[in-house]
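Take a look at the structure set out below.
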Protein chains: 2
Amino acid sequence: MQDQARMPDDKARPSSRPPRRRQEDRSAETQSRLIEAAIQLLHENGFAATSVDRIASSAGLTRGALSHHFQSKADLVVAVMHAVSDERHLRLAECYRELSRYHNRCERMVRALWQAIYGDPAYVATIEILLGSRSDPELRARVESERGRSADSIYSVWDEMLSDDQMPEQRRTDAMHLTIATLRGLAVLNLVARDPEFIERQLALLATAVETIMRP
Amino acid sequence: MQDQARMPDDKARPSSRPPRRRQEDRSAETQSRLIEAAIQLLHENGFAATSVDRIASSAGLTRGALSHHFQSKADLVVAVMHAVSDERHLRLAECYRELSRYHNRCERMVRALWQAIYGDPAYVATIEILLGSRSDPELRARVESERGRSADSIYSVWDEMLSDDQMPEQRRTDAMHLTIATLRGLAVLNLVARDPEFIERQLALLATAVETIMRP
DNA sequence: AAACATACGTACCATCCTGTATGTAATTAA
DNA sequence: TTAATTACATACAGGATGGTACGTATGTTT
């Protein structure tokens, strides 16, 4: 029993006792670990098979920890939507900076949306939540509001990227919704039958389709 | 206590005692009632919130009846997929007869697919089943095989309708898959935000997009 | 160092879910 | 009419799930 002396800022034994963390940091990290685990499980097994118990233990924790940070399963689900929404916003902002310089914007836009959003497991998680929360009106409303936030990010980027004055407003947004619908459909298919080459061809095709729609 | 005499084929008291039915008919009707109820509930509340108990009582029966006709929940789910697949096949055959006479085939094809399949609550039910059964590999395999059957119906109609010799094979099937992906995406959207006029515009836009893809 | 707050685990409870056993009514076969 | 099947209901068992109460350990403040 040597070495029991307190070392307030110990890096003496590197891997034995983790460095002191502040509560705030612990909380933040734990919460995001739980959210990550939830996304992962929702993506893998779907809403019905994703219990709070699985989520917690998948994150290396227990239900006690989870319910300390999220009072109910609904709260966790909303937190997942919120986190995904935030991440999406960041990625889209990134895309915005990248895209504005190039010319074949439709193609780049479609691919950017796939890479940043629809091709990501997190997107599948949000779909699962969206469908799975239908039966609970209260949860549904909260989820829906998060979804709205997220959708607005996309709308604004689309508008700023692809606004051509020669095209009527409604046709432009219709084209956007059609693109989104297609990407959503591909995301669902990608879930049950993964095939990157196929997705690649579909994205290219979608891009040309949008291109021709946008320029009549 | 009069009129207790047996009347093998009684229409004497029209609404009192229902006419004798054969077991076969009873079975068939009960089973399809259960399947209908399952589709309805899957469409309304999603997979997670659709228990066999709800299904049975929604069909005016009990779990006992359900488990007499379907040994397990998995069996019922597969039966639903099978029934939807059959119905789809019939509707597509109908579409085939209607469509072949007209010329703007892409537009009619898109609308036909929406009306016959993707706009139907039964399609949502199959999506729920497809996503919900992911965590159970055994069920998953059975569901997947039914899905394949159903997909083949669509493929063959598409091929027979839209095969132009001037177009390479792969591009044609890619166009089909893109159409299907879009319709699937619209079906999911239609689930959380119903808006017939919007769907109408999207279908029109999709039709023109497919048209231009198919004729370069 | 002591009092307090926060993070997390364990244990328990009510609920719901699926499956199964068993009983009864309806239908069919003899 | 009687015996055998089939259709359906009722009742119970085992397991999973979500919520909550409570205990302990780890930070934080004074």
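Residue numbers start from 1 in every chain, and the chains themselves are labelled A, B, ... in the order their sequence lines are given, proteins ahead of strands. What you see below is based on every heavy atom in this structure, not just the backbone, and it leaves out hydrogens, waters and symmetry mates.
Nucleotide D:dT26 holds its C1' atom 15 Å from the CD atom of A:Glu29, rounded to whole Å. Across the protein-nucleic acid pair, A:Asp75 atom CG and D:dG19 atom C1' stand 12 Å apart, rounded to whole Å. To the nearest angstrom, P of D:dG18 lies 10 Å from CG of A:Leu76. As a whole-Å value, the separation of B:Arg33 CZ from D:dC8 C1' is 11 Å. Counting to the nearest Å, the C1' atom of D:dG19 and the CD atom of A:Gln71 are 11 Å from each other.
Ion pair B:Arg26/B:Glu29 not flagged as a salt bridge, since none of the NZ, NE, NH1 or NH2 atoms sits closer than 4.0 Å to an Asp/Glu carboxylate oxygen. Between A:Glu44 and A:Arg54 there is no salt bridge, since no side-chain nitrogen of the basic residue lies less than 4.0 Å from a carboxylate oxygen of the acidic one. For the pair A:Glu144 and A:Arg147, the salt-bridge criterion is met [side-chain N within less than 4.0 Å of a carboxylate O]. Between B:Arg149 and B:Asp86 there is a salt bridge, since at least one side-chain N of the basic residue sits less than 4.0 Å from a carboxylate O of the acidic one. In this structure, B:Arg172 pairs ionically with B:Glu169, as a charged nitrogen and a carboxylate oxygen lie closer than 4.0 Å.
Side-chain proximity of A:Arg26 to the nucleotides D:dC8, C:dG19, D:dT26 is greatest for D:dT26.
Surrounding CD of B:Gln71 are at most 12 heavy atoms belonging to other residues, nucleotides or ligands under 6.0 Å away.
Of the residues in residues 39-70 of chain A, those with a non-hydrogen atom less than 4.0 angstrom from any atom of DNA chain C are A:Leu61, A:Thr62, A:Gly64, A:Ala65, A:His68, A:His69.
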